[in-house]
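See structure below.
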Amino acid sequence: MLYTAPIAVPGAPHVIVIGNEKGGSGKTTIAMHLAVALLKQGQRVGTIDLDSNQRALTRYIENRRIWANHRRIKLEIPLHRCVRRAEGAKLDDNEAAELAAFGEAVTSLKGSLDFLVIDTPSTDTYLMRLAHLVADTLLTPVTDSFLDLGTLASTDPITHEVTGTGHYAELVCDARRRRLQFDRSHTDWVVIHNRSSARRLVRRSLAEAGTRLAFRHLGGCSERNVYRQFSASGLTVLDALDEAILGERPDRSHRLAQQEMSRLIELLRLPISERARRRAAARAEWFVSAHTPLDTGDLLADEIADPPEPAHSP
Ligand SMILES: Nc1ncnc2c1ncn2[C@@H]1O[C@H](COP(=O)(O)OP(=O)(O)OP(=O)(O)O)[C@@H](O)[C@H]1O
Ligand SMILES: [Mg+2]
């Protein structure tokens with residue numbers, strides 16, 4: 001396998017990879033929500049879809065653009081690339097072509113980004129392994145089921161104690177080892193409960209696996225219709241929950257989903273700069289004030305408190 005990936009380029013964005021070799025665990029949903037959350041915090045965000053068969057993230061983003069035009073609203077949209085799998089007859093040629101395509105996608109985006117969010121397929125492909133090599137943060141959603149936990153760890157059927165390492169966890173451990181050797185960087189691996197029920201069946205086993213495999217695990221998102229419903233229009237639960245954006249009145253489930261997703265993003269402890277936060281706050285304030293009639297009292301008060309700068313002499 002070719003491993004000369006464009007790793008840790010100085011000044012490169014913080015790379016967040018969403019991965020798990022378990023289909024339907026919520027990778028694409030989390031990738032989209034994370035990208036939008038970061039954009040809302042004033043970050044410059046790029047996204048890469050490595051699942052070129054399904055193109056689920058690519059379609060999600062396209063839907064968002066179409067929905068924004070349809071409703072005549074402004075929605076944050078990341079810079080996006082989809083990297084295709086090579087399908088030639090020779091494995092080496094395919095890997096070389098995929099490495100080049102991945103490198104091109106990263107290079108075409110990285111100069112102007114703070115964060116790069118990469119969505120991966122649930123199958124073990126060369127592109128998916130490359131992504132795991134460049135991850136600064138790796139997010140792995142798991143559903144609340146012992147069958148699904150199997151990609152991370154095997155468990156005793158009676159005591160639920162961890163008895164071995166799952167195949168995806170082995171892939172991650174290998175990628176982390178290589179990354180450490182390559183540039184002494186540490187990948188922060190975070191496992192997220194997704195589609196969980198109140199009981200959280202796998203919680204104890206997951207905690208034990210986390211100690212063995214060195215990942216953090218966070219309570220993430222409950223099973224909610226709203227996640228399925230929103231993907232059709234490219235919306236996320238982090239978008240403003242008003243009728244102009246949703247096209248309907250928000251309900252309680254929307255609000256609960258927004259709260260749980262915001263809490264999850266906070267717990268990830270991503271390196272978001274204060275400057276970007278201020279940029280986002282100023283932009284939000286501008287949006288509000290742009291729709292409010294000017295108050296002449298405020299205007300005069302501003303002028304008195306903040307007189308115009310004297311002109312510079314040449
Ligand atoms: N918390 C949730 N509650 C309810 N439905 C969810 C939740 N998270 C994701 N889904 C839905 O589950 C399905 C699978 O989610 P998603 O496509 O994000 O998973 P994935 O891991 O990317 O799948 P794949 O492995 O096929 O790429 C989608 O229909 C999505 O809308
Ligand atoms: Mg997906």
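For ligands, and for the atoms within them, numbers begin at 1 and follow the listed sequence. Atoms considered below: every heavy atom in the structure, side chains included; atoms not considered: hydrogens, waters and symmetry mates. Treat the numbers as computed from the prediction; the structure is a model and nothing was measured.
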Asn225-ligand 1 polar pair, N/O distance under 3.5 Å: no
His160 versus Ser205, side-chain donor and acceptor atoms under 3.5 Å: no
Under-4.0 Å heavy-atom contact with ligand 1, by part of Asp119 that carries it: neither
Donor-acceptor pair between Glu223 and Ser196 side chains, under 3.5 angstrom: no
Proximal ligand 1 atoms for Ser122, defined as those under 4.0 Å from one of its heavy atoms: 25 (O)
For atom 9 (C) of ligand 1, the protein heavy atom that lies nearest, with its residue and separation: Thr29 OG1, 3.4 Å
Any Ala56 heavy atom less than 4.0 Å from ligand 1: no
Mode of Arg224 contact toward ligand 1 - side chain, backbone, both, neither (heavy atoms, under 4.0 Å): backbone
Of the listed options Glu21, Arg195, His33, Arg228, closest to atom 13 (C) of ligand 1 (non-hydrogen atoms): Arg195
Per-atom contacts of ligand 1 with Gly23, taking only distances under 4.0 Å to non-hydrogen atoms: 25 (O)
Pair Arg216 + Asp188: basic N to acidic O under 4.0 Å: yes
Distance flag for atom 30 (C) of ligand 1, protein heavy atom under 4.0 Å: yes
Between Thr151 and Asn20, a side-chain donor and acceptor under 3.5 Å: yes
Contacting atoms of ligand 1, where contact means under 4.0 angstrom from a heavy atom of Gln54: 24 (P), 26 (O), 27 (O)
Salt bridge (charged side-chain N to carboxylate O under 4.0 Å, His left out) between Arg64 and Asp239, intermediate numbers included: CA-CA 11 Å; Arg64 190 170 174 83; Asp239 291 307; 2.8 Å; yes
Same apolar cluster: Ile73 and Phe230, side chain cutoff 4.5 Å: yes
Under-2.8 Å protein N/O/S neighbours of the Mg ion (ligand 2), ordered by chain then residue number: Thr28 OG1
Worked verdict on Thr137 versus Val17 for side chain to side chain contact (heavy atoms under 4.5 Å, CB included): CA-CA 6 Å; Thr137 300; Val17 172; over 6 Å; no
Polar contact flag, side-chain donor to acceptor under 3.5 angstrom, Glu248-Gln229: yes
Arg85 versus Thr125, side-chain donor and acceptor atoms under 3.5 Å: no
Under 4.0 Å to a heavy atom of Ser222 - the qualifying atoms of ligand 1, by number: 1 (N), 2 (C), 3 (N)
Passing option when Asp119 is tested against Thr28, Thr29, Thr47 for side chain to side chain donor-acceptor pair (under 3.5 Å): Thr28
Numbered atoms and elements of ligand 1 in range of Gly26, under 4.0 angstrom, heavy atoms: 15 (O), 16 (P), 18 (O), 19 (O), 20 (P), 21 (O)
Close-contact set for ligand 1 against Asp51 heavy atoms, below 4.0 Å: 27 (O)
His132-Tyr168 side chain donor-acceptor pair, cut-off 3.5 Å: yes
Polar contact flag for Lys27 and ligand 1 (N/O pairs, less than 3.5 Å): yes
Arg178 and Asp174 ion-paired at < 4.0 Å: yes
Proximal atoms of ligand 1 relative to Gly24 (non-hydrogen, under 4.0 Å): 14 (C), 19 (O), 20 (P), 21 (O), 23 (O), 24 (P), 25 (O), 26 (O)
Polar contact flag, side-chain donor to acceptor under 3.5 angstrom, Thr143-Asn194: no
Protein residue, atom and distance nearest to atom 8 (N) of ligand 1, heavy-atom basis: Asn194 ND2, 3.1 Å
